[in-house]
J.: 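Sharing a structure, written as structure tokens. Questions coming.
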Amino acid sequence: MEESRIEIKSKKKLGDILFENLTLIFALMIVGLVVFISIEMYIDSAESRERFGLGFIFSSNWDPVKEEFGALPFIFGTIVSSLLALLISLPVSIGAAVFLSEIVHKSVRTPISFLIEILAAIPSIIYGFWGIFVFAPFMRNTVQPILQSTLGFLPFFKGTMYGTGLLTAGIILAIMITPIISAITRDVLKAIPVSQREAAYALGATKWEAIKMALLNARSGILGGAVLGLGRAIGETMAVTMVIGNKAQIMASLFEPAYSMASVIANEFAEASGSLHVSSLIEVGFILFGVTFIINSLARLLIYSVTRKA
Amino acid sequence: MTAESVLKSPKNLKRRKIMNSVMISLCIAAGFITIVPLIYIFFYTTQSGISSLNLDFFTQLPKPVGEEGGGMANAIVGSLILITIGGIIGIPVGVLSGIYISEYSKNVLSTIVKFITDILSGVPSIIIGIFAYGVIVIPMQRFSALAGGFALGILMIPTVAKITEEMLRLVPQSLREASLALGVSRWKTTLRVVLTTASSGIVTGILLAIARAAGETAPLLFTSFGNVYWQTNIDEPMAALPLQIFTYAISPFDDWHRQAWAGAFVLIFLVFIVNLLVRFVTRNKFSGNL
């Protein structure tokens, strides 16, 4: 499409110059906004950064009364719940994408992918609400007892079963990011030429062998989708806040309540007691922003690398 | 990866066929595992919400703790005001930068803008809340609807920009060429021909961004803050539907839970209708993920 675009060589009219620059200004506003957000958070977290330095990341002491702040339990909670979500979601997302793009008939594919698209747009507060009232009791009464009686010798499945906690947060996050990862996997699979699969069939490959080849060729794009999903899970706030248990501790058991970076901001920011408390919360936000920025950049580059070729 | 290496052990056909059936079955199972919880959440919310929904929900103010009844009228109006402020900020920036990315795409700068727009869409919404707090709440010395609307506006920008870009790219090149050949200048072509052709798609895209913003809770926690009274001044704290749902959901009262389900249903219904509309307008034209 780019190639056929006509270039008008004659000198540009005044209206053209004005209009192009007008749209350019608004486009640059987006770039400026992202820069501004980083600068603002950097400045507003100055008090906490000067006071605690790098120790902020490694200390697990979060005590607003004594004005001691360390973000380790939140970093731990965010990383564990998000990785758990990715671990559960990735195989399911790839399977679902293969199911929709390679196995199911076209007449079924469109309504199902439409359904998944709608469901992916459900606000996270609703996932959290459902999590508290339906999913957490289900975890407490069914899933956690089963896990404890079968895999209870592992440290991850020991302890009291509250229903809410790291595992529940991880599974809710997995439900939320699966539509995202599977949508991108489908897009990437679409970018792999059909002729490759046809060639595999012609050589006697089974359907799965042909699909496996397509998946291997699409791997960097799928990885991009996975990283994007991870980024979403890391930044997810309301659903996690409602089911993770909100207790700043680092425990081996996935049944234990924990706390995430986004959740502590959501819970404490509005009622923060002093400027150091606010500044520390902003520093948590700044770390969160930095991590999601890097993760999203990586994801986009990986996805572009596959879909651009198509 | 070549087909040859996949087939390097073609001896055991039976084993390969079993492998094939197992993997295909697993993929089908994965398809169902993906859809079932999502549908369950959808129907559970719809069922709990419809049974709790009544006229009071739309017309009454919240009752004090301990009293039954009341509604979320102030939160619904609050959400409408917040979204309006968000739209005033988010829609022009989104549409115009979408035009820039699509129509001046030979430019290196437009690639950068596109990339940053994608990055912005991945920034956690709570971070945008902190930003709005620093830019508006601190200078004003109080929580306000203006700060909440500002945060929602920023969150709308990437969605609107992305959809505008995708929709403009769907306009056939020949239409632009025909207009330019008639001597119409480039900017008038963009506004009167390209934008007009893509307008239905862009409008539904804007609706999609609005539906998403309507359900955002995290960025409003310490910007708009919430309010149990009628409040229509945009420089005062204001109630919003998702905030009210959150407060009621984590409360210990059954009656509040019922109202929260009703609110959740209103949000889901909004998302459903808008997505249906988007699908209807962009049917067959567009298949990317938004």
Side-chain angles (χ1 to χ4, degrees), chain A residues 1 4 6 13 15-16 19-20 23-24 26-27 29-31 34 37 40 44 92 95-96 98-99 103 114 118-119 121-123 125-126 129-130 134 175 178 182-183 187 199-200 203 205-209 213 216-217 231 235 237-238 262 265-266 269-270 282 285 288-289 292-293 296-297 300, chain B residues 1 3 6-7 16-17 19-20 23-24 26-28 30-31 33-34 37-38 41-42 44-45 93 96-97 99-100 104 113 115-120 122-124 126-127 130-131 134 157 173 177 180 185-187 212 215 217-218 221-222 242 245-246 249 260 264 267-268 271-272 275 279 289:
Chain A
M1 198 157 100
S4 65
I6 288 182
K13 295 198 179 73
D16 281 337
F19 186 70
E20 180 170 352
T23 58
L24 175 66
F26 278 90
M29 265 164 119
I30 295 182
V31 181
V34 173
I37 292 172
E40 205 241 305
D44 287 350
V92 175
V98 168
F99 171 69
I103 296 172
F114 171 55
I118 287 189
L119 297 167
I122 293 177
I125 179 100
I126 293 176
F129 196 11
W130 179 82
V134 182
I175 295 173
T178 299
S182 89
D187 284 350
L203 288 170
T206 62
K207 186 161 191 140
W208 166 246
E209 284 161 350
M213 192 190 64
L216 283 170
N217 282 326
T237 311
M238 299 319 292
I265 301 171
F269 201 93
I282 293 178
L288 187 62
F289 177 72
T292 48
F293 190 96
N296 280 303
S297 309
R300 292 297 171 182
Chain B
M1 195 71 199
V6 173
L7 303 175
R16 286 174 48 212
K17 281 197 165 163
M19 183 71 177
N20 182 51
M23 294 312 288
I24 299 287
L26 282 177
C27 288
I28 295 171
I33 292 173
T34 305
L38 296 169
I41 293 170
F42 188 80
Y44 190 89
T45 309
V93 180
L96 284 166
S97 37
I99 291 174
Y100 183 77
Y104 303 100
V113 172
F115 184 74
I116 295 289
T117 307
D118 279 339
I119 298 292
L120 185 62
V123 172
I126 191 135
I127 301 294
I130 295 182
F131 177 64
I157 293 173
Q173 204 53 37
E177 287 163 8
L180 292 173
S185 63
R186 180 110 186 234
W187 71 283
R212 280 194 188 172
T217 317
L221 289 169
F222 34 83
I245 294 172
F246 179 57
L267 282 184
I268 277 204
V271 166
F272 186 78
N275 274 275
R279 176 56 64 134
N289 69 92

J.: Identify which of B/Ile28, B/Val123, B/Leu221, B/Leu267 forms the greatest number of heavy-atom pairs closer than 4.5 Å to chain A.
T.: B/Ile28
J.: If you count heavy-atom pairs under 4.5 Å with chain A, which of B/Ile33, B/Thr117, B/Leu26, B/Ile268 comes out on top?
T.: B/Ile268
J.: Of all of A/Gly235, A/Ala262, A/Ala96, which one pairs up most often with chain B through heavy atoms under 4.5 Å apart?
T.: A/Ala96
J.: Among A/Thr292, A/Leu119, A/Ile282, A/Val134, single out the residue with the greatest number of heavy-atom pairs under 4.5 Å to chain B.
T.: A/Leu119
J.: In terms of heavy-atom pairs under 4.5 Å with chain A, which of B/Ile127, B/Val113, B/Ile245, B/Ile116 leads?
T.: B/Ile127
J.: Below 4.5 Å, heavy-atom pairs only: which of A/Ile37, A/Ile122, A/Thr237 has the largest tally toward chain B?
T.: A/Ile37
J.: Can you name the ring-ring contact (aromatic ring centres under 6.0 Å, His included) partners of B/Tyr100, sequence neighbours left out?
T.: B/Tyr104
J.: With chain A, which of B/Thr45, B/Ile157, B/Val271 has the greatest number of heavy-atom pairs at distances under 4.5 Å?
T.: B/Val271
J.: Which region of A/Ser297, side chain (C-beta onward) or backbone (N, CA, C, O), has a non-hydrogen atom less than 4.5 Å from a non-hydrogen atom of chain B, or is it both or neither?
T.: both
J.: What distance separates B/Met19 CE from A/Glu209 CD, expressed to the nearest 0.5 Å?
T.: 8.5 Å
J.: B/Ser97 and side-chain contact (heavy atoms from CB on, under 4.5 Å): which partner among A/Thr23, A/Val31, A/Ile30?
T.: A/Ile30
J.: What verdict does the side-chain contact (heavy atoms from CB on, under 4.5 Å) test give for A/Leu288 and B/Ile126, after you've listed the backbone C-alpha separation in whole Å, the side-chain angles of each residue and the deciding distance to 0.1 Å?
T.: CA-CA 10 Å; A/Leu288 187 62; B/Ile126 191 135; 4.2 Å; yes
J.: Based on non-hydrogen pairs under 4.5 Å, which of B/Ile41, B/Leu120, B/Asn275, B/Ile99 is most in contact with chain A?
T.: B/Ile41
J.: Hey, which of A/Val98, A/Ile175, A/Thr178 has the most heavy atom pairs under 4.5 Å with chain B?
T.: A/Ile175
J.: Please check: side-chain N/O of A/Asn296 versus main-chain N/O of B/Ile119, any donor-acceptor pairing under 3.5 Å?
T.: no
J.: Can you tell which part of A/Val92 gets under 4.5 Å to a heavy atom of chain B, answering side chain, backbone, both or neither?
T.: both
J.: Is it the backbone or the side chain of A/Ile118 that comes under 4.5 Å from a heavy atom of chain B, or both, or neither?
T.: both
J.: Considering all heavy atoms of both residues, which atom of B/Asp118 and which atom of A/Arg300 are nearest to each other, and what is their separation?
T.: CB-NE, 3.4 Å
J.: Can you tell if the side chain of B/Ile24 reaches within under 4.5 Å of the side chain of A/Lys207, non-hydrogen atoms only?
T.: yes
J.: For chain A, which of B/Tyr44, B/Phe246, B/Phe222 has the most heavy-atom pairs under 4.5 Å?
T.: B/Phe222
J.: Under 4.5 Å, counting heavy-atom pairs only, tell me which of A/Phe289, A/Phe129, A/Phe19 racks up the most with chain B.
T.: A/Phe129
